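Scroll down for the structure; my scribbles are underneath it.
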Amino acid sequence: MLFRFILSRLGSAAILSVGIIFVSFILTALLPGDAATSRLGERAAADPEIVAAMRTRYGLDQPLYMQFFIYLGNLLRGDLGTSIRTQNPVLSDLAQFGPASAELAIAATLIAIVMGVGFGIIASLRANGIVDQVLRVVSLGGVSIPIFWLALIAVYLFSTVNRIFPSSGRLNPGETPPPQITGMYTFDALAAGNWPLFVSAFTHLILPALVLSAPMIGLLLRFTRSSMLEVLGNEYVRAAEAKGLPRHTVVLRHVLRGALVPVITVLGTAFASLLAGTVLVEQIFGWPGIGAYAFRSASNLDLPAIVGVTLFVALVYITVNLIVDFLYGVIDPRIRRA
Amino acid sequence: MRISRGGAFVAAVIAGALVLTGCTPADTAAPDTVKDTLVLGKSFDLATADPARSFETTGGIFGRAVYDTLLTFAKGDATTPIPMVAESYEVNEGATEYTFALRDDVVFSDGTPLTSADVVFSFDRVKNIQGNGSFLMEGLSVTAPDESTVVITSEKPNTAIPAIITAQTLGIVNSEVVKANGGTDAEDASTTDTAEEFLNTTSAGSGPYIIETFNTETETVIVANPNYWGEPAAYEKIVLKNATAENQLMDVQSGTIDIALDLGSDQLPAIESNPDLVIESGISPTIFFLFSNANPEISEITSTQAFRDAVKYGLDYDGLLEIAGDGSEQVAGVVPSVFFGALKPADVTVRDLDKAKAAVAELGDIDPIELEYPSDFSVAGISFGAVAERIQANLKEVGLEITLAPSPISTALDSYRGGTEEMGLWLWNPDYPDPADYLVFAPDNIVGLRAGWTGGSHPELVELSDQAAITTDEAEREAIFREYQLAMNEVGVFAPLFQPAASVVAGKDIEGAVFSAVFGIDLTYIGK
């Protein structure tokens with residue numbers, strides 16, 4: 001049953017990926033501009049021989065449908081092509097920049113879960129009290145304050161005025177990254193037992209992660225609060241309380257568990273906004289992640305990189321949705337049985 | 001209790017990490033804990049570490065420190081090439097043959113002596129690799145009569161050669177090492193040379209620094225070359241960190257970087273009162289210009305002299321300098337003020353509303369004209385959009401309706417290079433510091449054609465341009481470039497606007513961090 005479920009999800013993911021590649025190809029091809037000359041200087045762009053050599057080098061001299069089929073063929077062999085801008089294989093670029101974004105997104109998600117769900121529980125237990133009112137303002141602020149503004153203020157306060165956190169980058173300039181296991185420096189530094197490097201990576205990570213988590217905290221706080229309030233009124237909760245179970249057991253084991261399903265749905269949705277926010281946060285914090293890579297690739301009409309990033313992001317979405325689906329079953333066995 | 005234990009664990013990790021973070025900011029934010037390292041912030045346009053393929057600003061900064069050239073420029077100068085690998089040179093009377101005598105003590109980073117064969121290989125490789133900088137070798141051939149002599153021969157008189165060979169693209173590589181790693185200078189080098197990957201990881205030059213790590217997206221690190229033949233490098237390690245101008249402003253204030261290279265004049269007031277920072281200001285050789293398409297098939301209006309006069313006299317040049325920021329200068333002709341052959345400040349075009357309005361009256365009732373420019377691109381903090389809006393307002397005052405047509409640079413370049421823009425707002429960065437580089441604005445030449453300008457309409461300008469290209473006597477050369485630019489201004493297809501200010505912001509203890517019109521900053525002078 002589970003195997004069939006996974007197989008059908010993977011099958012639809014593969015079909016979806018081909019569709020995404022096709023749409024990316026068409027949309028990029030429809031853009032005005034010449035990918036072959038966009039990286040050439042003024043003199044070189046005026047030389048037909050050099051332009052022709054560029055077209056041949058990147059296969060841009062082929063008709064679009066041929067480029068598409070060649071790309072698909074290469075993709076089946078695990079080759080995402082070569083970036084016109086960085087001159088690196090797109091796969092190695094993604095391996096470099098993907099983990100940087102993943103590290104940021106995971107850190108932001110963890111912070112958001114701890115703070116958003118935690119504050120949501122507190123707000124529901126103190127419904128309509130002062131604490132609840134304050135947390136609702138926090139929630140509203142998290143959702144409505146533009147993330148780029150928050151990032152600028154955070155850098156100004158915590159890096160420029162008070163040198164608490166570094167203002168940009170993933171490590172101090174000149175520091176050698178840890179040997180790559182996941183590409184996430186905090187994890188890799190710990191795995192390598194390099195404590196100073198872990199501290200450097202962590203202090204660089206914390207501020208952008210906090211900023212990135214702000215909208216998600218606001219969202220999770222509101223949903224956890226309302227979901228908790230809904231469950232708190234159920235009879236089985238009153239029955240658990242009547243049995244004399246400790247308050248924290250009732251809240252965490254009975255109420256929270258029942259309230260988590262809509263929260264997880266929101267978490268999946270919030271991940272989308274997290275990825276969009278990553279582009280801005282990466283830009284402001286000079287974080288060399290997939291967002292900054294995607295932005296520069298799009299600015300340079302770097303077709304292989306654009307399609308590679310699109311595919312990567314789509315796969316992340318599909319994976320996250322799969323995880324969310326599985327989590328439903330873990331949290332609520334009725335869903336698994338259904 | 002599974003959830004509560006997990007939650008407690010996560011909370012403990014976060015709390016512990018926050019405590020840890022609070023305890024250690026000074027260790028991570030202060031760069032001066034490593035005394036031998038210099039960190040520069042630069043908005044990267046880095047593409048490659050292979051000098052033959054490199055033609056970007058960041059590549060020039062980095063390449064200057066790693067690869068020596070035959071000649072170079074002294075600190076802060078952009079007018080007179082000085083010896084480097086070549087200790088002297090002679091030129092024949094017709095400026096078609098330059099003979100360079102090489103120093104005998106220059107060695108590459110692996111200790112191998114640099115000989116004329118390395119120069120010939122490096123130059124021929126640039127020529128045949130068909131990269132962005134291959135045009136530098138156009139019409140030139142290079143030979144080596146002996147181990148310490150190099151002869152560059154030009155098909156026609158060319159007084160720009162001493163300036164051209166200072167370009168980092170013509171950095172001299174260790175030919176044996178490069179050949180051993182896939183390099184070739186053969187005519188088919190564009191398809192057979194495979195040395196780029198090697199050169200992106202390993203130095204094959206004779207400069208004061210060698211590559212430690214090369215990354216086009218994050219940071220590139222160079223370290224002192226232990227075998228350097230000249231005065232040793234001042235720093236053990238130099239880190240070029242990729243950062244936007246906004247990041248650089250924050251980084252230089254927080255001490256994360258020592259030098260910021262891309263701050264615009266609008267950002268400088270934020271740090272003027274900072275006692276720990278020094279601002280070294282100069283003038284950029286980049287020129288912003290406006291053109292009116294001279295091709296009647298593109299526009300029957302912009303191709304008229306009346307329209308060009310209306311634009312030329314209708315622009316408020318002083319007002320545009322407000323947009324360009326403090327320290328910017330109106331440029332009198334197409335050659336920037338820092339180079340030989342530039343016009344004098346007294347030659348600048350001055351706004352004349354009467355002349356502009358008379359020209360508009362001559363045009364009669366016309367449709368709005370479209371002004372195209374790149375919308376996602378700024379230089380020295382100057383956005384093209386702001387300049388375009390001011391131009392639109394200036395010309396409205398004299399009765400010309402301009403419609404703004406911004407687009408991303410990747411698409412705007414297409415119509416610019418295709419010569420289809422009615423009006424265009426663009427810039428030109430020098431390829432090499434010589435007025436010959438600005439002959440591209442003449443009719444029938446690269447930029448001239450982008451403005452739809454063919455020689456048939458102004459044959460006298462084509463002749464002037466051709467003459468300027470081959471004139472060798474310095475005084476005559478200066479005079480003919482002056483004549484060329486004044487004639488260009490008179491016609492007015494191009495309206496040279498301004499050169500932005502340029503600044504280098506550095507920690508107060510860092511010496512020699514000055515703006516260079518040729519290299520942006522010359523890393524080899526920093527710390528000396």
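Below, each value reflects all heavy atoms present in this structure, side chains not excepted, and no hydrogens, waters or symmetry copies. From a predicted model like this one, the values you see are computed outputs, not experimental measurements. The chains referred to below are lettered A, B, ... by the order of the sequence lines, with proteins before strands, and numbering in each begins at 1.
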May I have all residue pairs that pass salt bridge (Lys or Arg N to Asp or Glu O under 4.0 Å) and include part of residues 240-250 of chain B, sequence neighbours excluded?
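Residue pairs passing salt bridge (Lys or Arg N to Asp or Glu O under 4.0 Å), neighbours aside: B/Lys241-B/Asp251.
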Winner by heavy-atom pair count (cut-off under 4.5 Å) against chain B, out of A/Ala46, A/Gly286, A/Ala44, A/Ser168:
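Top option by heavy-atom pairs under 4.5 Å: A/Ser168.
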Pairs of heavy atoms under 4.5 Å with chain B: top-ranked of A/Glu42, A/Met54, A/Gln87
A/Glu42
With no hydrogens and no angle check, just 3.5 Å: does a side-chain donor-acceptor pair link [X] and [Y]?
X        : Y        : result
B/Asp36  : B/Tyr235 : no
B/Asp262 : B/Gln248 : yes
A/Thr186 : A/Glu103 : yes
A/Thr160 : B/Gln253 : no
B/Asp188 : B/Thr192 : yes

What part of [X] gets closer than 4.5 Å to chain A, counting heavy atoms only: side chain, backbone, both or neither?
X        : result
B/Phe55  : neither
B/Val447 : neither
B/Asp414 : side chain
B/Ala243 : neither
B/Thr244 : side chain
B/Glu197 : neither
B/Asn215 : side chain
B/Asp437 : both
B/Asn429 : neither

Identify which part of A/Arg296 has an atom lying under 4.5 Å from any heavy atom of chain B, answering side chain, backbone, both or neither.
side chain
Which answer fits A/Gln96, side chain, backbone, both or neither, if we ask what part of it has an atom under 4.5 Å from a heavy atom of chain B?
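Interface part for A/Gln96: side chain.
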Side-chain heavy atoms of A/Asn194 within contact of A/Pro178, under 4.5 Å:
no
Within the 4.5 Å heavy-atom criterion, are B/Lys237 and B/Leu38 side-chain neighbours or not?
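No. Closest side-chain heavy atoms not under 4.5 Å.
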Backbone of A/Leu245 reached by a side-chain donor or acceptor of A/Thr249 within 3.5 Å
no
Partner residues of B/Tyr416 under the ring-ring contact (aromatic ring centres under 6.0 Å, His included) criterion, sequence neighbours left out
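By the ring-ring contact (aromatic ring centres under 6.0 Å, His included) rule, B/Tyr416 matches B/Trp426.
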Once ring-ring contact (aromatic ring centres under 6.0 Å, His included) is applied, do any residues pair with B/Phe291, and if so which ones, sequence neighbours excluded?
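Testing B/Phe291 for ring-ring contact (aromatic ring centres under 6.0 Å, His included), a comparison that skips the adjacent residues, returns none.
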Heavy atom to heavy atom, less than 4.5 Å: which residues from residues 149-159 of chain A reach chain B?
A/Val155, A/Ser159
Most contact-rich option vs chain A, by heavy-atom pairs under 4.5 angstrom, among B/Gln130, B/Arg417, B/Met250, is B/Arg417
Do you know which of B/Ile446, B/Thr216, B/Val221 has the most heavy-atom pairs under 4.5 Å to chain A?
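Highest number of pairs under 4.5 Å: B/Ile446.
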Given the side-chain rings of A/Phe202 and A/Tyr185, with only the six-membered ring counted for Trp, is the space between their centroids under 6.0 Å?
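Ring-ring flag for A/Phe202/A/Tyr185: false, centres at least 6.0 Å apart.
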Just do the salt bridge (charged side-chain N to carboxylate O under 4.0 Å, His left out) check on A/Arg43 and B/Asp431 with the steps written out, would you?
CA-CA 9 Å; A/Arg43 308 258 194 179; B/Asp431 298 312; 2.9 Å; yes
